[in-house]
Amino acid sequence: MTIINTPIAANPELAASSLETMWKIRRFEEAVEDLYGRGLMHGTMHLSIGQEAVPTGACLALNRDDYITSTHRGHGHCIAKGADMERMMAELLAKETGYCRGRGGSMHIADTETGNLGANGIVAGGVPIATGAALSAKMRGTKQVAVSFHGDGAMGEGAWHEGVVLAAMWQLPVVFLCENNLYGMSMSSEKAFNLEKLSDRARGYGIPGVTVDGNDVQAVYDATQEAVDRARNGGGPTFIEAKTYRWRGHSKSDKNLYRTRDEIDEWRGKDPIPLFEAQALAAGGLTQADIDAVRDKVRTELRSAVQRANAAPDATADDLLSAVYAR
Amino acid sequence: MTIINTPIAANPELAASSLETMWKIRRFEEAVEDLYGRGLMHGTMHLSIGQEAVPTGACLALNRDDYITSTHRGHGHCIAKGADMERMMAELLAKETGYCRGRGGSMHIADTETGNLGANGIVAGGVPIATGAALSAKMRGTKQVAVSFHGDGAMGEGAWHEGVVLAAMWQLPVVFLCENNLYGMSMSSEKAFNLEKLSDRARGYGIPGVTVDGNDVQAVYDATQEAVDRARNGGGPTFIEAKTYRWRGHSKSDKNLYRTRDEIDEWRGKDPIPLFEAQALAAGGLTQADIDAVRDKVRTELRSAVQRANAAPDATADDLLSAVYAR
Amino acid sequence: MTIETTAAQSAAAPAASAETAVMTYSEAIRDAMRIAMAKDPAVFIMGEDVGTYGGAFGVTGELINEIGPERIRDTTISELGIMGAGVGAAMTGMRPIVEIQFSDFTAQAMDQIANQAAKIHFMLGGAVNVPMVIRAPGGSGTGAAAQHSQSLEAWFVHIPGLKVVMPATADDAKGLLLSAIDDPNPVMVIEHKLLYKTSGDVRVGDIRTPLGVAAVPREGKDLTIIATGIEVSRALEAAEILAADGIEATVVDPRTLKPLDSGTILRTVKETGRVLLVQEAVRTLGFMSEVSAIIAESDAFGYLRAPIKRLAGLDIPIPYAPKLERASVPQVEDIVKAATDLVREW
Amino acid sequence: MTIETTAAQSAAAPAASAETAVMTYSEAIRDAMRIAMAKDPAVFIMGEDVGTYGGAFGVTGELINEIGPERIRDTTISELGIMGAGVGAAMTGMRPIVEIQFSDFTAQAMDQIANQAAKIHFMLGGAVNVPMVIRAPGGSGTGAAAQHSQSLEAWFVHIPGLKVVMPATADDAKGLLLSAIDDPNPVMVIEHKLLYKTSGDVRVGDIRTPLGVAAVPREGKDLTIIATGIEVSRALEAAEILAADGIEATVVDPRTLKPLDSGTILRTVKETGRVLLVQEAVRTLGFMSEVSAIIAESDAFGYLRAPIKRLAGLDIPIPYAPKLERASVPQVEDIVKAATDLVREW
Ligand SMILES: Cc1ncc(C[n+]2csc(CCOP(=O)(O)OP(=O)(O)O)c2C)c(N)n1
Ligand SMILES: Cc1ncc(C[n+]2csc(CCOP(=O)(O)OP(=O)(O)O)c2C)c(N)n1
Ligand SMILES: [Mg+2]
Ligand SMILES: [Mg+2]
């Protein structure tokens with residue numbers, strides 16, 4: 001991807017695609033929530049509603065063959081990196097046509113075609129994997145970059161630390177992108193870190209760290225693009241803290257006892273989608289008609305994705321044992 | 001322990017005891033090396049010769065009931081915290097009278113009487129254990145402090161990170177004392193860290209960090225005492241980097257290919273023992289006669305420790321199975 | 001069977017004299033922790049979201065409101081650190097109960113469990129004890145896929161120095177946990193997600209289920225079914241169906257996997273001469289491999305009328321799709337079929 | 001036996017036609033890595049002190065001088081990170097060989113081994129492979145005590161998605177490693193510290209020992225001894241002693257623990273009707289528990305003239321004291337005695 005010098009909101013094409021990505025994430029997850037609520041989907045789910053600007057802005061700075069590793073809350077990363085909503089939905093509906101043939105579900109969707117090495121059920125599990133993908137890119141001399149999406153909570157894990165330690169020592173082309181949504185499940189990041197900004201931790205690894213507004217596509221894009229450029233040019237890893245908020249509970253079982261309704265409402269007021277729409281209207285990148293068109297397009301697309309996914313055959317049990325090992 | 005306001009080197013009692021501790025460590029390890037070289041001791045061994053000032057200075061700031069956790073290179077910590085050389089030697093000689101009844105060997109010596117929770121064969125294994133001991137002290141309201149001795153190499157481990165994360169969040173009375181002897185086995189700490197000072201990593205956890213000359217008893221004492229005071233008064237953890245050097249190879253199998261003879265010689269020139277002796281002479285804490293007396297005393301003590309340890313009965317195999325579980 | 005069935009619970013009910021109350025497995029665990037904390041100030045709970053959130057499966061519930069955040073300690077997401085802190089606390093006078101949200105994440109903490117907690121007492125020549133309890137839910141059935149559904153008890157049973165229990169009923173969940181808290185050694189308590197909401201009669205008050213004693217919730221002459229965890233209630237349900245078909249099964253629930261009550265196992269095997277081993281864990285080197293080996297090398301060998309039969313999870317990661325997940329581990333009908341084959345063919 | 005004995009090596013020697021050279025187990029491993037790296041630029045080595053230092057046990061030796069630091073990659077002390085980096089590299093076109101200094105430290109990396117590497121292929125519906133090799137020395141005998149002497153192969157054999165090999169000879173160390181590097185799955189190679197310096201005839205060049213095929217270095221009519229790792233050479237030495245006493249033993253070395261060549265095992269068991277299982281790992285839920293279970297539930301059951309006998313490490317952490325350490329795991333004389341008892345009594 002070439003570097004974008006005009007504001008995203010002012011560029012008709014980019015503004016439309018960014019808005020489309022955010023709406024796709026939002027609508028996809030709303031549909032999931034609905035299906036789940038009606039008992040049509042099983043397992044567990046982690047929704048990123050309210051956080052859409054982070055993957056949207058970040059993936060704008062990435063090429064199709066750049067890598068990402070994702071998390072338990074990974075629908076947004078997956079969509080922003082370019083995955084197909086139908087195959088995602090099929091996965092969640094336990095269909096043979098899903099990205100993982102119904103074996104993985106929400107927590108394991110990967111789309112290697114678009115460089116997504118996978119959601120991960122293990123907090124921080126993807127961090128050293130991203131380091132490895134960056135190492136591989138460097139060794140193969142491909143100029144690919146890896147972005148490790150992870151939460152604030154993930155920074156309590158040894159896996160996070162070790163992934164960053166190796167990347168820093170080897171100056172690998174990797175970006176550690178922390179979506180600080182203020183909580184790791186019920187643990188507030190304010191309590192968990194004795195830090196003003198989580199990016200202050202980056203200096204302890206001798207790598208640059210920056211904190212940005214995670215609800216602002218442009219801010220996320222700018223920081224990611226700078227980090228990606230540095231990485232591609234051999235300048236090593238960067239840590240980015242994108243401050244955002246999850247509107248929904250951690251998962252289905254969350255009673256939201258650890259935070260207040262007021263806090264949730266305050267952040268709902270910072271919804272990244274209307275924020276971006278207003279920016280695009282003001283900057284002239286999009287008209288109201290454009291905005292409506294994007295919204296409608298996504299709604300139609302999603303509806304058909306759900307329908308087609310629903311119609312697909314269920315995952316089949318006949319080759320379970322033979323599917324364990326690659327041949 | 002009451003806080004020491006006069007320089008250690010100027011205080012006859014403290015100067016003598018500090019010098020004695022350093023000599024004990026040095027002589028103990030020289031004896032181990034000798035026994036090992038003559039095939040009279042088995043297993044592996046990690047010598048801290050050249051690093052004696054760190055445990056000596058640090059343990060001067062600790063009460064007998066304060067805790068330490070130690071490492072694979074733990075003889076110095078053990079001696080400085082007050083352990084008995086005879087029982088240590090007996091352990092290394094696989095005797096029933098050893099601290100671990102010959103079950104643990106060098107890498108597992110502990111002396112709970114003096115608050116030493118144990119050497120550890122696992123790099124960074126003792127770090128979260130120290131956090132736990134500090135948590136326990138805090139919960140029991142005892143005002144005890146825990147010091148986690150660890151190497152520079154240990155800071156690559158997730159265990160180190162997680163131990164520090166929890167201690168920082170809970171503001172526990174623990175000191176993370178890094179003996180940066182410039183190498184973790186063959187990995188140079190300069191290469192492993194993109195940092196001027198390892199103590200710069202501390203800020204990323206929101207805790208104070210300081211770097212001191214690890215070959216200077218006074219400098220190590222001062223930093224530890226400040227950290228211990230803070231810990232005891234509820235001020236939470238501190239990270240200390242004590243820069244020092246191991247003269248010997250990492251263990252018996254080390255061919256020293258990763259460092260130069262010049263470097264080793266340079267650091268031999270910074271031997272903490274004569275350095276301290278000179279300070280004590282200059283400050284008037286010790287006369288040359290005192291110095292000679294300490295040296296002689298340690299030599300005699302050590303000789304008798306080795307003799308008595310040698311004479312002790314071998315570890316017995318008859319209760320191996322019943323020794324696994326406590327009753 | 002559905003998870004509401006309480007056959008196992010009632011079968012293992014305490015002696016008639018003891019007062020009991022109906023509670024869920026999850027409440028029973030909470031009850032045990034409440035009792036232990038009331039008695040001994042050294043006991044405390046530490047883990048991710050055990051405080052206000054009440055635990056990933058709601059097991060600690062509102063304990064924090066009763067006991068406070070000092071002793072119901074929310075942690076960062078740092079399983080290795082938490083486990084190490086537990087070890088350090090246990091070595092210095094406390095009795096921590098460490099909760100790991102899913103037993104799969106014991107992988108993160110394995111060094112502190114296997115290399116530290118398990119070995120310290122022995123390795124230090126007996127100088128120190130490590131009296132800690134690790135609670136972690138295992139098992140499949142919730143659609144949480146491969147990284148949240150494993151049955152990893154075999155890892156821990158293999159490590160000298162650990163004790164391992166797997167309560168199958170609410171009463172045992174309470175009684176075994178209280179015994180584990182008393183124990184001067186590290187004890188892994190592998191709970192089961194699907195059991196949390198099942199209920200049964202639970203003895204009231206400060207009761208115990210001793211470690212190392214198997215339960216025999218049913219006796220029959222035709223075969224011995226040995227099952228653990230969720231498979232105990234499935235085995236009991238299968239036994240009912242088998243009985244209707246004229247096959248009488250003894251059902252043995254070891255309860256403590258280590259130390260194992262092999263006496264009870266061998267006795268019942270000798271009585272029936274046929275043995276069916278049932279575990280949810282993957283077949284290869286699951287706990288029942290050891291039970292099989294113990295039987296095959298014992299004097300019960302001479303009493304066997306048929307080869308030892310094992311029924312276990314498929315050797316695969318647990319898949320997400322509900323039908324596939326169900327097909328991955330032994331269900332009641334699988335037990336019925338295996339038992340019937342065993343008795344009819346031999 | 002002393003570690004110099006090469007009975008096992010010669011017994012498993014390649015067909016007479018192949019050219020061989022005498023080298024140590026450690027040199028054979030290095031030879032395999034050199035060959036693989038020369039052929040395929042995707043193959044590289046990563047681990048603590050594998051570079052200039054030459055590896056904790058000297059296995060990589062001077063490879064860095066031939067191949068350079070890019071592909072003989074020294075790491076920080078970060079087993080979990082290294083393993084995760086291996087997984088990420090393997091998913092994106094590389095074929096990493098990760099060295100863990102002591103297999104005990106796989107505990108640190110367990111999440112990436114068991115929850116990631118092993119499961120990714122299945123969990124992602126086959127979309128990605130994880131072709132990586134993990135080399136780690138296990139076993140006791142060096143006086144390194146409880147945290148540096150474990151035999152943990154059972155942990156890995158229990159996890160679907162991993163393959164596990166345990167070479168007992170220099171030739172197999174080379175041949176199995178080259179097969180492991182070829183394999184599109186994560187393969188754990190458990191080497192043995194005491195074997196590194198033993199030597200034997202090793203086939204020259206780009207040879208293979210196939211995964212999943214057991215070796216039968218000796219055939220006899222009286223009993224079948226199945227042994228792994230260091231116990232293979234002990235079993236062969238014991239077999240010589242037994243032969244002098246008129247007892248003829250078949251010795252089977254599974255070589256690959258997963259996937260297991262149970263065909264060869266069952267065939268030899270049926271031939272002799274008596275079986276002695278020998279492992280260095282602790283008894284409870286060690287690899288031989290599975291072998292025992294497989295035999296006991298197979299049609300070989302009917303051929304057994306005696307209960308299956310297991311000889312294993314004591315269920316204890318490995319002690320430091322040399323005499324205690326030696327007493328902790330099966331030695332040649334223990335095998336001789338167990339085999340003699342088995343044949344005389346049954
Ligand atoms: C190793 C591990 N520990 C614990 C969990 C349970 N868990 C899943 S998500 C989560 C919170 C993660 O917080 P954060 O990283 O901030 O991501 P967020 O959920 O806020 O997006 C926890 C504790 C897990 N999946 N893996
Ligand atoms: C978890 C773990 N990984 C690796 C090792 C092998 N090892 C023992 S000591 C050591 C180097 C430790 O370096 P450092 O922490 O700096 O301590 P130093 O040896 O310099 O005192 C290594 C790699 C180990 N014992 N434990
Ligand atoms: Mg979060
Ligand atoms: Mg060091």
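In what follows, chains are A, B, ... by sequence order, proteins preceding strands, each numbered from 1. All heavy atoms count here, side chains included; hydrogens, waters and symmetry mates do not.
Of the residues considered (Leu124(C), Ile82(C), Thr76(C)), Leu124(C) shows the highest number of contacts with chain B, using heavy-atom pairs under 4.5 Å. Note: Leu80(C) leads Asn129(C), Asp111(C), Val128(C), Leu80(C) in heavy-atom pairs under 4.5 Å with chain B. Heavy-atom pairs under 4.5 Å with chain C were tallied for Glu113(B), Met139(B), Arg140(B), Lys138(B); the largest tally goes to Met139(B). Your options are Ile122(B), Leu320(B), Thr112(B), Thr131(B), and the one with the most heavy-atom pairs under 4.5 Å with chain C is Ile122(B). Listed options Gly126(B), Ala134(B), Pro128(B) were ranked by heavy-atom pairs under 4.5 angstrom with chain C; first place goes to Pro128(B). Put simply, of Arg103(B), Met169(B), His161(B), the one with the most heavy-atom pairs under 4.5 Å next to chain C is Arg103(B). Between chain C and the residues Ala146(B), Ala119(B), Gly125(B), the most heavy-atom pairs under 4.5 angstrom are made by Gly125(B). In terms of heavy-atom pairs under 4.5 Å with chain B, the best-connected choice from Arg73(C), Glu70(C), Arg71(C) is Arg73(C). No other option in Arg101(B), Met107(B), His108(B) has as many heavy-atom pairs under 4.5 Å with chain C as His108(B).
Neither the backbone nor the side chain of Gln108(C) comes within less than 4.5 Å of any heavy atom of chain B. Residue Trp160(B): no heavy atom, backbone or side chain, is found under 4.5 Å from chain C. In this structure, the portion of Leu135(B) lying under 4.5 Å from any heavy atom of chain C is its side chain and not its backbone. Neither the backbone nor the side chain of Asp182(C) comes within contact range of chain B; no heavy atom of the residue lies under 4.5 Å from a heavy atom of that chain. With a 4.5 angstrom heavy-atom cutoff, Asp111(B) does not touch chain C via any of its atoms. Proximity to chain C is absent for every atom of Ala130(B), based on heavy atoms less than 4.5 angstrom apart. Only the side chain of Gln112(C) comes within less than 4.5 Å of a heavy atom of chain B; its backbone N, CA, C and O stay farther away. Residue contact with chain B, scored on non-hydrogen atoms closer than 4.5 Å, is absent for Met83(C).
For residues 81-91 of chain B, an interface with chain C (any heavy-atom pair closer than 4.5 Å) does not exist.
In this structure, the side chains of Phe105(C) and His148(C) come closer than 4.5 Å at one or more pairs of heavy atoms.
A distance-only check finds no donor-acceptor pair linking the side chain of Glu79(C) to the backbone of Ile100(C) [under 3.5 Å]. Side-chain atoms of Asp172(C) do not come within 3.5 Å of backbone N or O of Ala168(C) as any donor-acceptor pair. In this structure a side-chain-to-backbone donor-acceptor pair under 3.5 Å is missing from Arg95(C) to Pro131(C). When atom types are taken as modelled, the side chain of Thr60(C) and the backbone of Val50(C) share a donor-acceptor pair closer than 3.5 angstrom. Lys119(C) places a side-chain N or O within 3.5 Å of a backbone atom of Ala114(C) that can act as its donor or acceptor partner. Between the side chain of Asn233(B) and the backbone N or O of Gly235(B), no donor-acceptor pair lies under 3.5 Å. Side chain of Arg30(C) to backbone of Val59(C): a donor-acceptor contact under 3.5 angstrom is found.
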Might you work through the ring-ring contact (aromatic ring centres under 6.0 Å, His included) test for Phe287(C) and Phe156(C), ending with a clear yes or no? CA-CA 10 Å; Phe287(C) 174 69; Phe156(C) 308 108; over 10 Å; no
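Gln150(C) and Asp104(C) share a side-chain donor-acceptor pair at under 3.5 Å. For the residue pair Thr209(C) / Arg255(C), no side-chain donor-acceptor distance below 3.5 Å is found, with atom types taken as modelled.
Geometric assessment of Lys163(C) against the ring of Tyr325(B) yields a positive cation-pi assignment under the 6.0 Å and 45° thresholds.
Of all non-hydrogen atoms in Ala110(B) and Cys100(B), the two that sit nearest each other are N-SG, 4.3 Å.
Of the residues listed (His46(B), His150(B), His250(B)), the one engaging Arg73(B) in a side-chain hydrogen bond (donor to acceptor under 3.5 Å, both in side chains) is His250(B), and it is the only one.
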